[in-house]
Amino acid sequence: MPTEMAAAPLLSNVQFTNAMLLAISPQLIVAFGIVLSLLLIAWKRSRRMLQGLTSAIFIVALIASVPLLFNNEIPVTILLKVDGYGVFAFMLVCFSGLMVTLLSGQLLQRNTEAHDEYYLLLQLVILGGGVLVVSDHFASLFLGFELLSLALVGMVGFFREGKHAVETAFKYLILSATASSFMLLGIAFIYSQTGSLHFSLINTGVNGADQLGAELTNTFHALGMLLFFAGMAFKLSLVPFHFWTPDVYQGAPTPVTMLMATVSKVAMFTVLMKCLFSQGVFVQSHMMQLMALVAILSMVFGNVLALKQENLKRLLGYSSIAHMGYLLIVLLITSMQDINFAWQSALFYLSAYVLASLSIFMVLIFTTQEALLPGQSQQQAEDDTTIGSWQGLFWRKPMMAFLAILAVLSLAGIPLSMGFIAKFYLLTFASQAGLWWLIAALVVGSGIGLFYYLRIIFSLFAAPFSEQKAEQKVQQQAVSSDGTGQVQASGNWPWKGVLVTGFVFAGLVFGLYPDVLMQVISRLGELTEPLAVLDQTP
Amino acid sequence: MSLLAWIPFYPLISFLLLIALGRRLSWGLASTLSIGAIALSAISSGLVISQLASADSGIISVKLWSWFSLGSAEVNFSFYLDSLSAVMISVVSGVGLLIHAYAAAYMKNDENFSRFMAYMNLFIVAMLILVLADNLVLLYLGWEGVGLCSFLLIGFWYQEKENVLAARKAFIVTRVGDTAMAIGLFLLFKSLGELNIAAVNVSASSLWQIGDELPYWIALLLLGGAVGKSAQLPLQTWLPDAMAGPTPVSALIHAATMVTAGVYLIARMQGVFLLSPEVMSYVAWVGALTLLLAGVAALAQKDIKRVLAYSTMSQIGYMMLALGAGAWSAGVFHLMTHAFFKALLFLTAGSVILALHHQQDLFKMGGLLKKLPVESGLFIVGLICLMALPGTSGFFSKEAIIATLWSSPTAGPVLWWGAILGALLTSIYSCRLFFLAFLGASREHDKVHDLHHDHPTVLLRWPLFLLALLSLFGGLISLDFTEVFAVASSVDAAQEPAWLHPLAIATPFIGIAFAWFFFKSYRDNNGEALEMKPGGLNRFCGDGLGFDWLYHSLLVRPYCFLAAINRRDIIDQLIMFNGWYVRLWHDAMSASQNGSLRWYAAGIGLAVVCLAGVTTL
Amino acid sequence: MTAIPLNHVLILACILFSIGFIGVIIRKNTLFILMSLEIMLNAVGVAFIGAGSVWQQADGQIMFILILSLAAAEVAIGLALLIRMQRRYQSLDIDKLSEMRG
Amino acid sequence: MILTIVMLGFLLLGAFAWYMEGISSRAPRWIALFAVIFAAGLFASFVLGSGTSFAELKPLVRVPWIPLFNIEYALAIDHLSIILLSLTFMLALICVLVSWQEIKEKAGFYYFNLLATFAGIIGVFTAVDLFLFFFFWEVMLLPMTAIIAIWGHENRHFAAIKFFIFTQVSSLLMLVAIILMAAAHYQQTGQLSFYYSDWLALDLPLEYARWLMLGFFIAFAVKLPSVPVHSWLPDAHTQAPTAGSVLLAGVLLKTGAYGLIRFVIFLFPEASQGFAPLAALLGVVSILYGAKMAFAQQDFKRLVAYSSISHMGFVMLALFSFNTTAYQGAVLTLVAHGLSSGALFSLAGIIYSRIHSRNLADMGGFWSSAPRMGGFTLAFAAAAFGLPGLANFIGEFMSLVGAYQVFPVAAVFAALGLIGSAVYGIVLFQSTFHGPPGDKVEDLSGRELVISGSLLGLLLLFGLFPNMILEYSSAAGEQLALLSQGVSNLTGVTYAH
């Protein structure tokens, strides 16, 4: 039984410096923002003001992050460690939060219920994500994780009159609680064997841990790693922990789904990477095999599951399973040298994925707003949006359809889009690491994936509804606009066009000239030669 | 450009004009154009041949342009005239001219007249290129060109299903031979690096010994091409069906010119063939078997044109036999005389058919001697040439062939007897044809159509007279091939039995006598209906000795069957099976997404247990 | 007093956790599912405290406190949802919540 | 630079055409026509006026694109590219013309896609940075797929998806090979490079090269296509609108052959020579299987599609014979097949516009009412079965002569394809134009005469004066032969030249 004291226990006297304060300023801004929002609500309950404040908070947090991007890594107590990668991930998180804020207004307006908590919860989610991406300790991981999850549960079931609200919320709550129990048990096991809750295994009780990482001989430690990974895999909806994904994606309000698809994925993956890399997981062959297996299963089955799916939100849920499977490739590094390239690949991939997800959900929200029938709640319309309901969109709203096409192409990893460059990163990574099975699964998965991605695109191009139907629709819309003038007015939200155009522009620029983003990401690490990964013979 | 180069050019211009202007041309213009073009070709041919006589080398050649090059070997668009090709161009343009003239009259009332003449002109172009080509690729161009024209002309009346099928069959069957020939060219090029005919003949004899393997294969493959085009065994089946085309077509393509292209090819490539005595004897055997088979088949035909078609096959068999036996000149000589008399026969038959309102069934004719005396006379001339009665052109050429057979190293007595038997058959079926059609009393056609009512007499008659003259006296033309053909091994006539020649001369008469008695019912018919005896043997022979059936069940049906069962592409099905398989997985996986929370939780637990198992194992 | 070996503690935690988990799976009543979740979290707490005492650190106990607050939050949300469910479905049978599938 | 302008011009004019759709329904096609003629003129003046020799790859432009991976925007052309680019321009013109009446709905977007496809194809034929090549390779697929999926026939979505998935999956393998190649360059020189000429200088271990070669080969074999990965083609060709079929058969298949020449054979001479017997076998199987399948079809376009598979088999066989003659034959076959199959698809479209069916059973006896159409159909069918005098014959003949030097048995079996092609060619012609006359169909209009006439004219021109093309491919052919000689010196295997 190990008796020596592990270094840096949770309660230790660490000087809290200004630099540290600065380093976590974005997170602090969000936290401060929450308090501010509460005060605002107490002062005046205004939907627009709160939305504005939330957006402002996220924008300020984003701006505050920028100077931190190329800083050296700064440990903030033992709980957090701010480095470029984390900051970049936080910016992704924050940007997604901003988009969700902007897109939620319409939805909330249609709901007569109270909506103040919505923005609070949203800010909590972002805070949780913000904590996750910079955490360096299981305790902070746990805090961030739960902050994010519990706030999300609240948001998932926010519109309690919704058709699927209770079901979705319950599924998410119970399954997520189960998963976090698994993760916690895993952490407990790891802690019991290492004596440290710190990510890094240096100076812990693990045999031979003075170098980074070691093959695990201890059953409980291995089991702990497995359970921890299972908990994270649940959040990343990797096969075989993916069951909840489509149901929750479908049942949650679309902006919340968007949040889950972006913030939750980015934050979880970032922290998983940090943790696993710090633990030197790449020498634990069992874990590597396990992750490879999970990756392959996710790539193939995620796509297989999406194959004939008609419901768009479910389909995107399945597609996210496959994407997290692809992304898992970067965890399968073979040595320290790979870490930087793995980070670059992961962050580029996540950026592409976030951009694509935001775009496609944005189109989903906008199109359902327009096609809303009287007496139908927007949430319900969105839940039931099928591929078919986008039929002929291209001929009616070319810009929006173009954004959707670009997003789908990006998800499918076809040139002209960021997704292709992202896939290029992954393939480069995988072929250097010699992960032939994963490449094979990626190819097969992409092949299957094309089938449903193309179905979406073809639906956009398909002939619009027959004239009769269209006429009916026009009449109905006329009726609805007569009835509720407010709805009509808000239908022409002026930012809509700006947003869509902006996203199209961003997608094209990053797709055609990815160097803009690549340079930023490659400078985040700055520690080693960015392409050192290529030095190894495959 | 030299005169030689112009020869195929006139009909080409005419073809283009006819195609471009189409139905806008009146009959007069169209026929003038097409006949005029051929006439120009014929005149130029005559002039060029007279130049040839004065040329020192015995060769006139002209290079039009460099076509392409195979490695270091140039393949040029150039023409080459020696005495062999001189004979060919004179036959093609001469007989072609006469047949064109006749055809213009024959087809006058067809709505697609100018298209018909255009095809005929194109055919002459291709045929002239074939015989004038100085290299095998250009020859192949002509070779395929005549095949295409033959296809077009057989299917000229495209609205009838049989014609369409006959055209298809003719093209595809000859294509089989062409492919063999193409492979022969590949082999030839690989081994000699050259496709120029003269150069090939020279370097073949300098590089190879007699009996080498390479010339054997090359010659065999070229023979494959020849049997396809010349309707010899085993690719003979298309010719009888090809009679579906208009009669002038049968006369021009399927009797006088195109079908003899195989003979020309072998004669042209004699340098290679001489190196392979085995293939020479194959040639002889192919010829002999074909001539017997065709003779037997001709005995059981109902259709006047089919009799003539089998007769053509049989006569080409003689030419092949001659080539195989080394009697090159005799073979080519027979080619020429055959062109005269077979064109005559076909054209006369055409007149008869026209007069009988397109009745071709011999058993429904009869008594035409009285009704169509001129045509009957011309037909008799053709038939006696075909039977090779002494004095006619056919006599000279056929006797020349038979005379060489007995002691030729690549032929021999057996083939001699085959040739005699063939001659016997020839006279028997000729008599049968004549008896059925011209003797006795008319069976169905009491009224004979007045040919000259709407067909110009001059064009319809005069070509026939000219052809009759050529048939009768064409044997007097002497051909000198010493420049072209290597001197055949001298035949030691002393060792041959003395009765050979008398027997050969007597054979046709024996045949006539036999037919006179055997076909008495045909001869003495009084107008009662006649039927061919329905026996199995008759049917068997009538169908060309079962080759059609054989090929149909051995090749056509399996190919169609294969095509039919695999219409949906088994490989595609196999690949698309993956799609099915993935969909199966999709269904299975979708079933696991059953919406039950407890099931999902259990799934997570199971997954953890399984992964733990995987990890620890 | 002999110290309890760490492995025993961990095995106990495992067993407790499994009991809780099995409860989540087999219980149809939502309330019991929430209770089973509590058991699972408490099992984790046992493991943390056991480990903390072995390493002579407060970390384990701090984690346990954090877990307790998590459990409280979870139950709060869970009970709120439970009430919604009772209102809407007049039942607490979790299997009624399977409208979304496929 | 000029080619960049051409590509950009295509895109911009395409966008302009799209925009103009709303203003005048006729404007898009005139814009497209202008774009193609203008681009062709620009290209011609550049090539003819540059006064330099294009025997070797001549770089046109080379600027950094993604510096982190040392990816460049690099274009270069040589004779092969010029031949194929000229074919592209020619068929582009035909495509615009055949679409003239056919495309009535969303014409603006249609011409945008058409022009974008041309731009992509030009990129494929000129890119010498392999990443850029891959980029164009995929980009040309997108508008093509849109053309099939939007303006295609009844089963268009299925066909488009199949087409896309086949090419995409196979090209991912190529992408992996490209990445590994670049990494190999990094290991040997310390710098990442996707530049073609840099790669030519690489010295890869044979075992490694084999795998990389295979990655490229599969992608190009799918595009070519070769049995057993051909089955996207009949569906795509059948379902595409006329211009789509023309473009697919005429040019897109050629990108596969182009890739085989440039990126398989010249990049991996040793490895591909080792692979040659198998490739030749695939070629022969394609020839025979394609011919047989073509014969079995009842659908005009499907028949022509399978015939394309058969013809591309000749190309495969010829290319892997490593022989000057065969190489020249293959290049000529590419051009000839582009023209002849383009013509046959145009005719299919023309017939479809008359009777609204592609089924051969619905056709027959058209000759009486449409003799000109019949004449052209016959001529193009004759080109398909290799009638001498037309360009296809020279191509196939040289391919086979060359292939026979190296693979005699394969060449003999390939020659059997001549019979097969005659069978389907004749069946195709006869079942449309022979037989009892059915409905009256309108004969070719002036525009259609121009289309068919110009294609036939070119086929005749190249059939009678093939040296116009052959002299441009001889240098590369000899290089190829030298390459294989060099290899056979190493491996001890001798090849006849």
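Note that the structure is predicted; figures quoted are calculated from it, not measured. Numbered from 1 within each chain, the chains take letters A, B, ... in sequence-line order.
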Toward chain B, the part of D/Ile419 with a non-hydrogen atom under 4.5 Å: both
Are more than 12 heavy atoms, taken from residues, nucleotides or ligands other than B/Trp217, located less than 6.0 Å from that residue's CH2 atom? no
Please name the residue in the list D/Met293, D/Arg302, D/Gln297 that meets the side-chain contact (heavy atoms from CB on, under 4.5 Å) test with B/Asp569. D/Met293
If you take all heavy atoms of B/Gln159 and D/Ser368, which pair is closest and at what distance? NE2-CB, 4.0 Å
Residue from D/Ala411, D/Ala415, D/Gly365 scoring the most non-hydrogen pairs under 4.5 Å with chain B is D/Ala415
Given heavy-atom pairs under 4.5 angstrom as the criterion, report whether the side chain, backbone, both or neither of D/Leu418 touches chain B. both
Chain D: which of B/Leu574, B/Ile172, B/Leu187 shares the most heavy-atom pairs with it under 4.5 Å? B/Leu187
What part of D/Leu378 lies closer than 4.5 angstrom to a heavy atom of chain B: side chain, backbone, both or neither? side chain
Less than 4.5 Å apart, side chain to side chain, heavy atoms only: is that true for D/Phe397 and B/Leu185? yes
Which distance, rounded to the nearest 0.5 Å, do you find between the CG of B/Asp572 and the CG of D/Asp235? 6.0 Å
For D/Lys301, give me all partners under salt bridge (Lys or Arg N to Asp or Glu O under 4.0 Å), at least two apart in sequence or on another chain. none
Looking only at heavy atoms, which two atoms of D/Ala296 and B/Ala563 are closest? And how far apart? CB-O, 3.3 Å
For D/Ser231 versus B/Ile575, what's the shortest heavy-atom pair and its separation? OG-CD1, 4.2 Å
Among D/Leu387, D/Thr325, D/Asn467, who wins on heavy-atom pairs under 4.5 Å with chain B? D/Asn467
Are the side chains of B/Asn566 and D/Lys292 in touch, meaning some heavy atoms are under 4.5 Å apart? yes
So, the part of D/Pro408 with a heavy atom under 4.5 Å from chain B: the answer is side chain
Chain B interface, residue from D/Trp367, D/Phe465, D/Phe433 that has the most non-hydrogen pairs under 4.5 Å: D/Trp367
Name all pairs fulfilling the salt bridge (Lys or Arg N to Asp or Glu O under 4.0 Å) condition that reach into residues 125-148 of chain B, sequence neighbours left out, sorted by first residue then second. B/Glu144-B/Arg175
Where does B/Ser191 contact chain D at under 4.5 Å (heavy atoms): side chain, backbone, both or neither? neither
Less than 4.5 Å to any heavy atom of chain D: does that hold for the side chain of B/Leu70, its backbone, both, or neither? both
Check: D/Gln430 side chain, B/Val164 main-chain N or O, donor-acceptor pair, under 3.5 Å: yes
Tell me, out of B/Trp157, B/Phe77, B/Tyr119, who's got the most heavy-atom pairs with chain D below 4.5 Å. B/Tyr119
Sort B/Ile570 into side chain, backbone, both or neither according to what part of it lies under 4.5 angstrom from a heavy atom of chain D. both
Other residues, nucleotides and ligands only: do more than 12 of their heavy atoms fall within 6.0 Å of OH on D/Tyr472? no
Residue B/Leu138 versus chain D: region with a heavy atom under 4.5 Å: neither
Given that the side chain runs from C-beta out, which part of B/Phe68 has a heavy atom under 4.5 Å from chain D: side chain, backbone, both or neither? both
For the rings on D/Phe393 and B/Tyr140, is their centre-to-centre separation under 6.0 Å? yes
Compare all side-chain heavy atoms of D/Phe429 with those of B/Arg168 and state whether any distance is below 4.5 angstrom. no
Interatomic distance, D/Asp299 atom CG to B/Arg567 atom CZ [nearest 0.5 angstrom]: 11.5 Å
Given side chains that start at C-beta, do those of B/Phe189 and D/Gln405 come closer than 4.5 Å, heavy atoms only? yes
When only pairs under 4.5 Å are counted, which of D/Ile394, D/Val229, D/Leu416 shares the most heavy-atom pairs with chain B? D/Ile394
Give a yes or no on whether the backbone of D/Gly463 and the side-chain of B/Trp67 come within a donor-acceptor separation of less than 3.5 Å. yes
Determine whether a donor-acceptor pair (N or O, by modelled atom type, separation under 3.5 Å) exists between the side chain of B/Trp65 and the backbone of D/Leu464. yes
Could you walk me through whether D/His434 and B/Lys161 pass side-chain contact (heavy atoms from CB on, under 4.5 Å), step by step? CA-CA 8 Å; D/His434 280 174; B/Lys161 189 140 174 63; over 6 Å; no
Heavy-atom proximity to chain B below 4.5 Å, by part of D/Gln328: side chain
B/Tyr158 (side chain) donor-acceptor with D/Pro437 (main chain) under 3.5 angstrom: no
Assess the pair D/Phe295 and B/Tyr559: is the distance between their ring centroids shorter than 6.0 Å? yes
